[in-house]
Amino acid sequence: MITLKSPREIEMMGESGRLLASVHEALRAFIKPGITSWDIEVFVRDMIEKNGGIAAQIGYEGYKYATCCSINDEICHGFPRKQVLKNGDLIKVDMCIDLKGAMSDSCWAYVVGESTPEIDKLMAVTKHALYLGIEQAQVGNRIGDIGHAIQTYVEGEGFSVVRDFIGHGIGPTIHEGPPVPHYGQPGKGTRLKEGMVITIEPMVNTGTWKMKMEDNGWTAVTADGGLSCQYEHTIAITSDGPKILTLQDE
Ligand code: MF3
Ligand code: CO
């Protein structure tokens, strides 16, 4: 199902998204060597609740945490845990916020302590891929235009695009239609309409796009142990172009 949102609903999702963006902004200073991803979980949960929001991932299809904290070769759905983060770790923090019934979803990548040229390039390519995808999120374009822009750029940079997890429409619940793959063919797939709200959330790997599932049934890791990165925004399709609802001050 795809629900079209009114300008008022988009405004409310934007409020939810601004809160989510402010959590990510706060994480920039919070994430450093020596803390654990469990510390991130507690920090995020507190900040959401203090601001009147609900950490919407908790209880979603049996998931237990406010955040997914996926480290290094973990592609997505890593559990926050008491593992100490060390210099040079790449951590992706993904969360959803329900603020007064309005949902938003955004994942951001952070390097713990000092970076390396490989991590810098992976992060830059993944973030640029997200923005290339967003540029295609125009009324009248098709879903395949988004995936095509992302895939051709990422593969041209020598990296790969994860196939097993994709973006999605977002409404009163976290996931609805349309599916938004980060690969595909231009001019193919659902046509974008004013009032759709979708996520674009490319996961980009240094090696193969193939994944293995951990025994916990949630956490996907790269099949070859290579690094994986992700950035995600919630975006409204409007007659004035794509509107990023989870935009941070950079
Ligand atoms: N935020 C994730 C996404 O981008 C949702 C994760 S599902 C959950 O789609 F169960 F972990 F919450
Ligand atoms: Co999402």
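First listed ligand is number 1; within each ligand, the first listed atom is number 1.
For Lys121 and Phe159, the positive end sits near the middle of the six-membered ring, less than 6.0 Å away and at most 45° from its axis.
Residue Trp218 has no N or O atom closer than 3.5 Å to an N or O atom of ligand 1.
By the 4.0 Å heavy-atom criterion, Tyr65 is excluded from the residues contacting ligand 1. Using a 4.0 Å cutoff on heavy atoms, His77 counts as a contact of ligand 1.
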> Are His77 and Phe165 close enough, and set up right, to give a ring-ring contact (aromatic ring centres under 6.0 Å, His included), and what steps lead you there?
Replying inline: CA-CA 10 Å; His77 305 160; Phe165 302 93; 5.4 Å; yes
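Note on Lys127 versus Glu250: salt bridge recorded, some NZ/NE/NH1/NH2 to OD/OE distance being below 4.0 Å. With respect to Arg81 and Glu74, a salt bridge is recorded, a charged nitrogen being found less than 4.0 Å from a carboxylate O.
Note on ring orientation: taking the six-membered ring where Trp is involved, the planes of Trp38 and Tyr65 are perpendicular (angle over 60°, cut-offs 30° and 60°). By the 30° and 60° cut-offs, the orientation of the rings of His24 relative to Trp108 is tilted.
Looking at Cys68 against ligand 1, only its side chain comes within 4.0 Å, counting heavy atoms. At a heavy-atom cutoff of 4.0 Å, ligand 1 is contacted by both the backbone and the side chain of Tyr60. At a heavy-atom cutoff of 4.0 Å, ligand 1 is contacted by no atom of Cys76, backbone or side chain.
Under the 6.0 Å cut-off for aromatic ring centres, His148 and Tyr183 do not qualify, their centroids lying 6.0 Å or more apart.
Ranking protein heavy atoms by distance to atom 2 (C) of ligand 1, first place goes to Asp94 OD2, 3.2 Å. The closest protein non-hydrogen atom to atom 4 (O) of ligand 1 is Glu201 OE1, 2.8 Å. The single protein non-hydrogen atom nearest to atom 3 (C) of ligand 1 is Asp105 OD2, 3.3 Å, given as residue, atom name and distance.
Because the distance cut-off is set at 2.8 Å, Asp105 qualifies as a neighbour of the Co ion (ligand 2) through one of its N, O or S atoms.
For ligand 1 and Cys96, the ligand atoms under 4.0 Å from any heavy atom of the residue are 1 (N).
Between the Co ion (ligand 2) and the N, O or S atoms of Glu232, the shortest distance is to OE2.
Taking the Co ion (ligand 2) as the corner point, the angle from Glu201 atom OE2 to His168 atom NE2 is about 80° (rounded to 10 degrees).
Nearest-heavy-atom check against atom 9 (O) of ligand 1 across Glu232, Lys64, His175, Gln57 picks out His175.
If you take NZ on Lys100 and CG on Leu19, they are separated by 10.0 Å, rounding to the nearest 0.5 Å.
Heavy atoms from other residues, nucleotides or ligands lying under 6.0 Å from NZ of Lys188 number 12 at most.
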